[in-house]
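When a ligand or atom number is given, it counts from 1 through the structure's own listing order. These figures come from a predicted structure and were not determined experimentally.
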Amino acid sequence: MNINQSATSPLAPELIEQFRKIVGDRHAITDAADIEAYVTEERNLFHGRSPLVLRPGSTAEVSAICKLASEHKIALVPQGGNTGLVGGQTPHNGEVVVSLRRLDKIREVDTASNTMTCEAGVVLQIAQQKAAEVDRLFPLSLGAEGSCTIGGNLSTNAGGTAALAYGVAREMALGLEVVLADGRVLNALSKLKKDNTGYNLHNLFIGAEGTLGIITAATLKLFPKPHAVETAFVGLKSPAAALKLLTIAQGEAANALTSFELLSELAVDFSIRHGIDVRDPLEAKHPWYVLMELSASSDDARTPLETILERAMEAEIVDDAVIAASLAQRAAFWKLRDEMSAAQKPEGGSIKHDISVPVAAVPAFIAEADAAVVKLIPGARPVPFGHLGDGNLHYNVSEPAGCNNTADYLARWHEMNAVVFEIVLRMGGSISAEHGIGVLKRDELPDVKDKTAIELMRQLKAMLDPLGIMNPGKVL
Ligand SMILES: Cc1cc2nc3c(=O)[nH]c(=O)nc-3n(C[C@H](O)[C@H](O)[C@H](O)COP(=O)(O)OP(=O)(O)OC[C@H]3O[C@@H](n4cnc5c(N)ncnc54)[C@H](O)[C@@H]3O)c2cc1C
């Protein structure tokens with residue numbers, strides 16, 4: 001991967017000591033073995049290097065780090081749970097890592113205003129649990145929720161499996177506290193739904209992937225906890241059939257339809273063969289599957305789910321379906337879905353795309369992309385799966401079966417991206433639906449985004465981070 005050299009200064013030993021004084025001895029890591037976990041990521045796609053990892057314990061410490069870094073032009077890479085998929089949290093050029101994981105307090109839960117104020121390092125699952133304890137729902141949900149953090153979720157504007165009903169991370173944040181590159185603290189924490197007092201500044205930092213400032217806290221929206229949740233696993237013939245099922249489900253259940261995941265046969269097959277504790281919920285194999293979930297404020301989500309499936313079966317849209325009979329069975333359905341990314345690893349190299357197109361265009365996109373990638377690399381195996389309800393697919397393509405040169409296959413990553421992105425753009429879609437740009441798609445961004453938008457992004461970056469110390473070389 002071609003990653004630009006950072007334009008910032010190298011780190012002198014005296015400066016390391018000054019940083020150490022800010023966070024305390026225990027939280028300034030210089031030992032190479034201890035640093036390893038912060039410079040690699042789970043899939044081993046990116047491997048960085050850093051002389052120093054700082055683990056601040058408060059907003060004041062983050063502010064002091066940024067002030068010192070800007071005085072000496074030292075590049076910083078903010079990091080949360082290190083689960084990002086585009087290399088944004090990796091120090092590719094020896095930058096200092098600022099790990100936010102010690103900022104893990106839930107500052108306040110306000111059930112009357114339906115808000116929760118969390119520090120950036122709170123793990124998503126802990127935030128969900130805290131909401132459940134007060135009979136509320138924090139609906140952001142994704143496969144990495146046991147380790148990703150609220151700060152990382154907001155910085156990547158994460159989507160996940162409930163975006164269909166509740167929106168993406170941006171829509172769940174009412175306000176933020178952010179430390180700017182020069183150490184100033186922007187206090188834009190707010191519980192207000194309505195606040196038209198000029199520019200909406202906090203939104204700038206959501207989805208900015210740590211390039212404009214460091215998020216230290218957020219005020220998040222809470223929602224009523226559903227009284228009934230029902231989940232079905234469905235076998236069908238095609239993405240077009242899945243789209244018809246989606247239309248029926250939305251007509252019947254409206255916003256109670258909280259997840260609608262489309263899974264290809266190969267994605268399910270990999271998950272069953274390589275996933276941990278994964279079983280096939282249906283008796284026979286099907287070319288396509290849908291995992292759908294209804295969450296109702298009443299006590300009954302089962303009747304509408306059964307109605308949807310009956311109507312779809314009568315119309316010969318659905319070939320087989322099973323509704324989870326217990327919490328354990330529902331968890332098993334989701335385990336099959338959650339293991340899907342990891343289960344591709346034993347099948348060799350996988351070239352990944354996280355794309356979105358208008359929902360109605362998903363079947364045509366899959367047909368065109370399948371044909372195009374197989375034409376480019378005969379035998380390549382498309383493994384599409386994802387959030388059909390949001391028009392968002394993880395269009396991953398595994399190397400041909402029996403391929404004995406994974407490196408050669410992966411060397412064609414950008415070539416295959418170009419083929420897939422051409423179809424995406426022609427259909428009015430996006431080359432990054434929810435994972436962000438990081439370094440993985442940075443070089444493609446200027447080719448696919450409006451020229452004026454890119455200009456404005458560069459101007460905003462120059463205004464908020466004139467020295468270029470905030471996560472340099474990412475996004476732009
Ligand atoms: C198994 C698995 C499933 C996933 N499923 C989904 C999914 O369904 N939907 C989805 O959207 N993503 C998904 N992801 C991607 C990833 O989990 C999310 O992007 C997540 O939001 C990242 O959070 P994190 O705390 O791990 O951030 P990191 O990986 O640590 O950082 C990600 C980016 O945010 C920046 N950053 C982190 N914290 C801060 C902060 N406090 N202030 C400023 N910048 C910061 C980093 O510099 C980096 O650019 C998945 C990942 C895995 C491994």
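- Between Ser50 and Glu95, the side chains place no donor N or O within less than 3.5 Å of an acceptor N or O (distance only, hydrogens not considered).
- Note: an N/O pair closer than 3.5 Å links Asn82 and ligand 1 by distance alone.
- Considering both main-chain and side-chain atoms, Glu434 comes within under 3.5 Å of ligand 1 through a nitrogen or oxygen pair.
- Ring-centre distance between His387 and Phe260: not below the 6.0 Å cut-off.
- Note on Asp277 versus Lys335: no salt bridge recorded, every NZ/NE/NH1/NH2 to OD/OE distance being 4.0 Å or above.
- Considering both main-chain and side-chain atoms, Asn153 comes within under 3.5 Å of ligand 1 through a nitrogen or oxygen pair.
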**Study point:** Stepwise side-chain contact (heavy atoms from CB on, under 4.5 Å) check, Phe421 with Met416
**Key:** CA-CA 8 Å; Phe421 292 163; Met416 185 180 290; over 6 Å; no

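- The closest approach between a heavy atom of Lys474 and any atom of ligand 1 is not below 4.0 Å.
- Every atom of ligand 1 with a heavy atom of Ile214 under 4.0 Å away is listed here by number and element: 42 (N), 43 (C).
- In summary, Lys474 and Glu209 do not engage in a salt bridge, as defined by a charged side-chain N under 4.0 Å from a carboxylate O.
- Met427 CE to Ile355 CD1: the interatomic distance, rounded to the nearest 0.5 Å, is 9.0 Å.
- Remark: among candidates Ser432, Ala144, Ala433, the nearest residue to atom 2 (C) of ligand 1 is Ala144, based on non-hydrogen atoms.
- Once rounded to the nearest 0.5 Å, the distance linking CG of Asn396 with NZ of Lys352 reads 4.0 Å.
- In summary, the atoms of ligand 1 found under 4.0 Å from a heavy atom of Ala120, numbered by their order in the structure, are 41 (N).
- Close approach of ligand 1 to Gly210 (heavy-atom distance below 4.0 Å) involves ligand atoms 43 (C), 44 (N).
- Taking only non-hydrogen atoms, the option from Thr149, Val77, Thr156 nearest to atom 18 (C) of ligand 1 is Thr156.
- Any N or O atom pair closer than 3.5 Å counts here, and Glu209 shares at least one such pair with ligand 1.
- Atom 53 (C) of ligand 1 has as its closest protein heavy atom Thr83 O, 3.7 Å.
- Both the backbone and the side chain of Ile215 come within 4.0 Å of ligand 1, judged by heavy-atom distances.
- Atom-to-atom distance recorded for Trp288:CH2 and Leu236:CG is 10.0 Å, nearest 0.5 angstrom.
- Gly160 counts as a contact of ligand 1, since one of its heavy atoms falls under 4.0 Å from the ligand.
- Tested against Asp110, the residues Lys191, Arg136, Lys221 include a single salt bridge (Lys or Arg N to Asp or Glu O under 4.0 Å) partner, Lys191.
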Exercise for review: Using the side-chain hydrogen bond (donor to acceptor under 3.5 Å, both in side chains) rule, take Asn82 and Gln89 through it: C-alpha gap first, then chi angles, then the decisive distance, then the call.
Suggested key: CA-CA 6 Å; Asn82 193 12; Gln89 74 279 17; 3.0 Å; yes

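- Atom CZ of Arg273 sits in a crowded spot, with more than 12 heavy atoms from other residues, nucleotides or ligands closer than 6.0 Å.
- A salt bridge is absent between Arg49 and Glu36: the closest approach of a Lys/Arg side-chain nitrogen to an acidic carboxylate oxygen does not fall below 4.0 angstrom.
- If you number the atoms of ligand 1 from 1 as listed, the ones under 4.0 Å from a heavy atom of Ala158 come out as 11 (O), 21 (O).
- When only non-hydrogen protein atoms are considered, atom 14 (N) of ligand 1 lies nearest to Leu85 CD1, 3.8 Å.
- Ring centroid separation for the pair His92 and His47 does not come in under the 6.0 Å cut-off.
- Here's the thing with Asn471: one of its N/O atoms is less than 3.5 angstrom from an N/O atom of ligand 1.
- Distances from atom 37 (C) of ligand 1 to the heavy atoms of Gly213, Ala163, Gly152, Ser341 put Gly152 nearest.
- Aromatic pair Phe223/Phe138: centroids not less than 6.0 angstrom apart.
- Closest heavy-atom approach to atom 40 (C) of ligand 1 among the candidates Gly121, Ser155, Ser147, Gly80: Ser155.
- The protein heavy atom nearest to atom 31 (O) of ligand 1 is Gln89 CB, 3.5 Å.
- Close approach to Gly151 involves these atoms of ligand 1, each under 4.0 Å from a residue heavy atom: 38 (N), 39 (C), 41 (N).
- In terms of polar-atom proximity, Gly159 is counted as a contact of ligand 1, with an N or O under 3.5 Å from an N or O of the ligand.
- The part of His435 lying near ligand 1 is the side chain, judged by heavy-atom distances below 4.0 Å.
- Among the atoms of Gly84, some N or O lies under 3.5 angstrom from an N or O of ligand 1.
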